[in-house]
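Below: one structure, written as structure tokens.
Just the heavy atoms: all of them, side chains too, but no hydrogens, waters or symmetry mates, feed the values below. Sequence lines set the chain letters: A, B, ... in the order given, protein chains first and strands last, and positions in each chain run from 1.
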Protein chains: 2
Amino acid sequence: MANTAKFDRREVLESATRLFWQKGYHGTSTRDIQQATNLKPGSIYAAFGSKSGLFNEVLHFYAESMADQLAQILSEHHRVTDGLRAFLRHVILEGGDDAPSELCLLAKSLSELEEGEAELLSETRKLLAATEQRFQQALSQAVANAELPANTDTALAARQLQIQLIGLRSYLRATGNRGAVEELIARQFFS
Amino acid sequence: MANTAKFDRREVLESATRLFWQKGYHGTSTRDIQQATNLKPGSIYAAFGSKSGLFNEVLHFYAESMADQLAQILSEHHRVTDGLRAFLRHVILEGGDDAPSELCLLAKSLSELEEGEAELLSETRKLLAATEQRFQQALSQAVANAELPANTDTALAARQLQIQLIGLRSYLRATGNRGAVEELIARQFFS
DNA sequence: AAAGGTGTTGAACGACTGCTCAAAATTGGG
DNA sequence: CCCAATTTTGAGCAGTCGTTCAACACCTTT
């Protein structure tokens with residue numbers, strides 16, 4: 001039972017995520033990944049099975065990281081609505097220094113995947129639904145804290161949040177207008 | 001000066017638009033286009049120069065068609081705000097029978113194009129900005145008609161409209177939840 | 001009917017794609 | 001310290017990509 005020190009799976013996932021996030025699923029070649037990870041095709045295929053298998057893990061890796069960041073930021077704010085606004089600002093405006101794309105990797109994948117890649121597409125949809133679910137939980141907490149009216153439709157508000165998040169990120173990519181985006185984030189939960 | 005009956009440029013653009021809209025710029029091969037148009041590579045390259053040249057024309061063709069539809073629908077409604085809502089409904093929910101994608105071709109292109117395709121990317125941004133401009137003109141008309149308060153920030157409202165349009169289309173692609181989308185469209189201009 | 005320009009054709013090019021697999025290198029257990 | 005299981009290696013396969021171009025078909029003019 002030899003046990004050659006295998007490469008660090010997490011590091012590979014981080015590199016691959018950056019690549020896919022920047023160039024998209026189709027736009028990233030397996031050779032791009034080989035170069036970024038200093039791995040040869042055999043090793044990658046032994047570990048992930050295929051390009052789509054790797055991408056599937058990248059999708060989960062990304063979604064989990066987003067969920068962690070949301071939990072982290074919520075824990076740092078006393079008021080849930082403040083935390084949610086801070087999360088929007090964080091995701092949309094910060095990280096922008098070296099973030100691979102202004103867009104959400106899930107939204108980007110939702111856009112480029114076709115019915116031919118049915119499994120990846122349905123996985124993307126599942127992960128987006130889970131995000132919406134987390135938003136709704138946070139909003140329910142806000143209602144419980146009396147930050148929002150007791151009759152608030154949290155499911156509807158979570159949908160709106162998700163739609164705003166994707167829309168705002170697209171708008172930032174389209175225009176680069178950070179000021180406008182900041183103003184629109186500040187207006188959340190005031191209507 | 002011979003004048004062999006050339007192929008119908010508009011028909012080719014329509015086929016190519018459907019293809020690019022459905023499969024994306026990278027996901028559509030020149031052979032896909034050859035098959036859909038019954039044209040051989042030479043003809044396409046003589047007419048459009050390159051794949052990116054063709055895509056550039058497709059982008060303009062699509063944007064012009066959207067602008068025409070907006071003008072058409074606005075002309076059919078007495079109140080501008082009703083017309084804008086009807087346009088949202090039309091673009092997001094109708095046409096869905098055989099529309100190539102739930103998403104906006106411009107938003108989809110904005111998502112998949114990289115800095116490597118700088119010209120196509122900046123053209124996409126320009127066309128999106130023109131759309132926002134048209135929204136703002138319509139909203140100014142609504143203010144003039146006293147449908148909206150005189151102090152309405154039409155530039156801000158146009159941005160919000162654009163963001164909602166892109167976000168809602170993404171949401172529909174993510175969930176297929178037409179009912180939720182319809183409710184959210186109905187709420188436009190009531191906040 | 002001959003001439004000559006215009007448009008069409010499709011085989012083919014070099015580069016790139018995702019992926020495979022026999023061989024070599026690496027390591028811990030005996 | 002060598003054996004055997006595991007991991008790494010990288011040349012290479014079969015297919016696809018965007019694109020080119022010499023040969024051909026066609027129509028208008030003379």
Provide, to the nearest angstrom, the distance between the [atom1] atom belonging to [X] and the [atom2] atom belonging to [N].
| X | N | atom1 | atom2 | value |
| --- | --- | --- | --- | --- |
| A:Leu54 | C:dG18 | CG | P | 11 Å |
| A:Ile33 | C:dG18 | CD1 | P | 8 Å |
| B:His26 | C:dT17 | NE2 | P | 11 Å |
| B:Arg9 | C:dT8 | CZ | P | 12 Å |
| A:Tyr45 | D:dG12 | OH | C1' | 14 Å |
| B:Gln34 | C:dG10 | CD | P | 11 Å |
| B:Gln35 | D:dG18 | CD | P | 14 Å |
| A:Phe48 | C:dC19 | CZ | P | 14 Å |

Of B:Gly42 and A:Pro41, the one whose closest DNA chain C nucleotide lies more 5' | B:Gly42
Tell me which of A:Thr28 and B:Ala46 sits closer to the 5' end of DNA chain C, going by the nucleotide each one is nearest to.
-> B:Ala46
Start with the C-alpha gap between B:Glu117 and B:His26, add the side-chain angles, then the distance that decides, and say whether side-chain hydrogen bond (donor to acceptor under 3.5 Å, both in side chains) holds.
-> CA-CA 11 Å; B:Glu117 295 114 348; B:His26 294 120; 2.7 Å; yes
Do the ring planes of A:Phe20 and A:Tyr25 sit parallel (below 30°), tilted (30 to 60°) or perpendicular (above 60°)?
-> tilted
Would you indicate what [X] reaches in the nucleic acid, counting non-hydrogen atoms under 4.0 angstrom: base, sugar-phosphate, or nothing?
| X | result |
| --- | --- |
| B:Lys51 | sugar-phosphate |
| A:Ser52 | nothing |
| B:Ser43 | base |

What's the closest nucleotide to the A:Arg31 side chain, out of D:dT20, C:dC13, C:dC19?
-> C:dC19
Might you confirm whether atom CD of B:Glu183 has over 12 heavy atoms from other residues, nucleotides or ligands at distances under 6.0 Å?
-> yes
Atom CD of B:Gln69: over 12 foreign heavy atoms under 6.0 Å | yes
Phosphate OP1/OP2 of C:dT8: any B:Lys40 side-chain N/O under 4.0 Å = no
Between A:Arg10 and A:Glu14, is there a salt bridge with N-O shorter than 4.0 Å?
-> yes
